[in-house]
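Here is the structure we will look at, set down as structure tokens.
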Protein chains: 2
Amino acid sequence: MVGRSSRVTIHDVAKAAGVSVSTVSKALNDTGRMTAETRDKIKSIATGVGFRPNALARSLLFNRSFTVGLLTNDTYGRFTLPLMSGISEALVDQGVSVFLCAIEDDPKLAKIHVDAMLDKQVDGIIATGKRIDRSLPVDLAGLPVPVVYAYSQGTEGSVILTADDAQGAQLAISRLRSTGRRRLVHITGPESFASALERANAFQRTVGPDAKVLFGEWTEAWGHQSIAALFDAEGERPDGIFCGNDQIARGVVDALRERGLRVPEDVAVVGFDNWEIVAAQTRPALTTIDMNLKELGRIAGLTILDLAEGRPVAPGLRKLPCSLVVRQSCGSSDQGN
Amino acid sequence: MVGRSSRVTIHDVAKAAGVSVSTVSKALNDTGRMTAETRDKIKSIATGVGFRPNALARSLLFNRSFTVGLLTNDTYGRFTLPLMSGISEALVDQGVSVFLCAIEDDPKLAKIHVDAMLDKQVDGIIATGKRIDRSLPVDLAGLPVPVVYAYSQGTEGSVILTADDAQGAQLAISRLRSTGRRRLVHITGPESFASALERANAFQRTVGPDAKVLFGEWTEAWGHQSIAALFDAEGERPDGIFCGNDQIARGVVDALRERGLRVPEDVAVVGFDNWEIVAAQTRPALTTIDMNLKELGRIAGLTILDLAEGRPVAPGLRKLPCSLVVRQSCGSSDQGN
DNA sequence: TTGAAAGCGATACCAA
DNA sequence: TTGGTATCGCTTTCAA
């Protein structure tokens, strides 16, 4: 039997308990004063009839909707999903729900979604994208609600959360070195990506100013091409490769294997992103850098809540640490040369 | 300058226009009667002061929140994201927003999310998962709002939307045959998955009762293993392989190439899922079956809206057609034998 | 200790 | 043509 049982209001509880609505409200919210007996009786009746307060009514009263919006243009969800998961996790105990709006780089659509969220009185908006040096196609400055940018470019004076690319790169390099690798190369995406540049700079700062960096595409194919270039050429060959993302790393690992080189024995490889579906299916599975996007999401959620509740938050760019995920492509750190 | 400009209410508009709130309401909603002049004046003043009606207040009045919930336990978002995108697309013009709740197979978490959504008076809930023969860890029957199951098991008498696995399999087989393949094999996931079984049954119904089906895992590794088994054995070798998902297909394609077999010239391969990240990066790129999850989401959105607005919807399982996405792994259909 | 009434922001009926 | 008032479900002040 499908049927929408209609909702029970505080009025119904009052009638059932033989008291007034105000008494019920006070009883359930543990406010006002009354005999413990009355309070308990009302509480048990309320649960008995299955009363749940209408959040809309409370929102109207408190001017707080216990709702935040997540705006994204990342269609693959590679960044959005872990972020979303972290946000949700941080906010669910506070009774806050998340509106997800996928706007696909369409300014008009973005505006429609933002307006809809504002109309619904969201307590704040978290903006996220697929790269940290591009902003969403909509201006979020001057909105009547707080905004937090997570893995996206933000406006002057706003709160921006991102992963610490340089630190992530260090992590990868340390790992390669601790397994005894000395001839390191960095294969990464286009130079036009701030995160590619950031990692590459960290790489050269750490390994040396003329450490080799190959900029290209974020694809497996680029991984293959790079290996061809590196190993067909004369001269010194790398024994450790730090890749700008897991797809490149996969291409690199496959290309090395096809050349009869063993990973990690002959060449160790570290990826970036910890994109499960790529990293875990690569043979050998990729040791890689995780940007901890879920944690980033958690912090974004808590931050937007702070802002919404009027607590002070320092504006500016905040970089959160990456961590190393050890699988097989980089050997074990106690392994000599 | 960051600052939350406080919201303007209908009252402010009324004051600015020198009329009553009821007149403003009527003017803006094109109801009631008044001089076109008054109406226009009020409208322009409203836009002038940046008035946007508080959706919460309207919801309270209309008992409609213009909000739906999407409940999912699919962490990768492989099914959820396209679905979400379709739902959102179908509902955004109606001013409906979507709460996304990721519940990760945790019954308690699921209940918390469902309760939060109900408290916020969602107009309906769409439940989705990562396989069609499992239900979410929460009972959605008897809720005071309509529920639609999309790519998830549903309850007796509910509305369930899913992809037509059998038809998808037919599509793959037709494609293989139209490129002249005659010795077809199906490599797929565990027999315990309804969708694997459904596709396998369709395969045997079409190709013949003793057409070979290999059940295994949904992984690249299984693709490799199957190829080893098939090509190391004595006897007839397949010239066309239909894979249960794109990951298996990728393993198959890689394994074939490693054996010196050309894809698609020697063996044609068709995948399933059209998971861009896998299908497009495979060399050659995978011809595969797309479950049209976005369209499925669109229909789920429209259906939940129908239900929410009291329009009749036939209960039961509704299978939506898959489509073929042609890339390179299956050659072109005008190619002879 | 309990309850009546005002009000959150909007809409709609019914008078004027 | 316009405006006062009740209402949606809830919380909170203030009076009883």
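Chain identifiers are assigned alphabetically (A, B, ...) following the order of the sequence lines, protein sequences preceding nucleic acid strands; residue numbering begins at 1 within each chain.
D/dG3 atom P lies 12 Å from atom CD1 of B/Ile10, rounded to whole Å. Atom CG of A/Asp30 is separated from atom C1' of D/dT12 by 16 Å (rounded to the nearest Å). Nucleotide D/dT2 holds its C1' atom 14 Å from the CD atom of B/Glu37, rounded to whole Å. Look at CZ on A/Arg7: it is 13 Å from C1' on D/dC8, rounded to the nearest Å. Rounded to whole angstrom, the span from the CG atom of B/Leu56 across to the P atom of D/dT7 amounts to 22 Å. Between the C1' atom of C/dG7 and the CG atom of B/Leu60 lies a distance of 12 Å, rounded to the nearest Å.
Applying the 4.0 Å criterion to OP1 and OP2 of D/dT11, one finds that A/Asn29 has a side-chain N or O inside that range. The side chain of B/Thr23 contributes an N or O atom lying less than 4.0 Å from OP1 or OP2 of D/dG3.
Of all non-hydrogen atoms in B/Ser152 and B/Gly129, the two that sit nearest each other are CB-N, 3.8 Å.
Contacts of B/Arg58 with the nucleic acid, taken as non-hydrogen atoms under 4.0 Å apart, involve only primed sugar atoms and P, OP1 or OP2. When heavy atoms are screened at a 4.0 angstrom cut-off, A/Ser25 is found touching base atoms of the nucleic acid.
One donor-acceptor pair, N or O on each side, does fall under 3.5 Å between the base of D/dG4 and the side chain of B/Ser22.
Side-chain contact check for A/Ser97 and B/Lys120: at least one donor-acceptor pair (N or O, by modelled atom type) lies under 3.5 Å.
The shortest distance between side-chain heavy atoms of B/Leu71 and B/Ile126 does not fall below 4.5 Å.
Checking B/Thr38 against B/Ala57, the closest nucleotide of DNA chain D that is more toward the 5' end is the one next to B/Thr38.
Under the 4.0 Å criterion applied to side-chain N and carboxylate O atoms, B/Asp74 and B/Lys130 are not assigned as salt-bridge partners.
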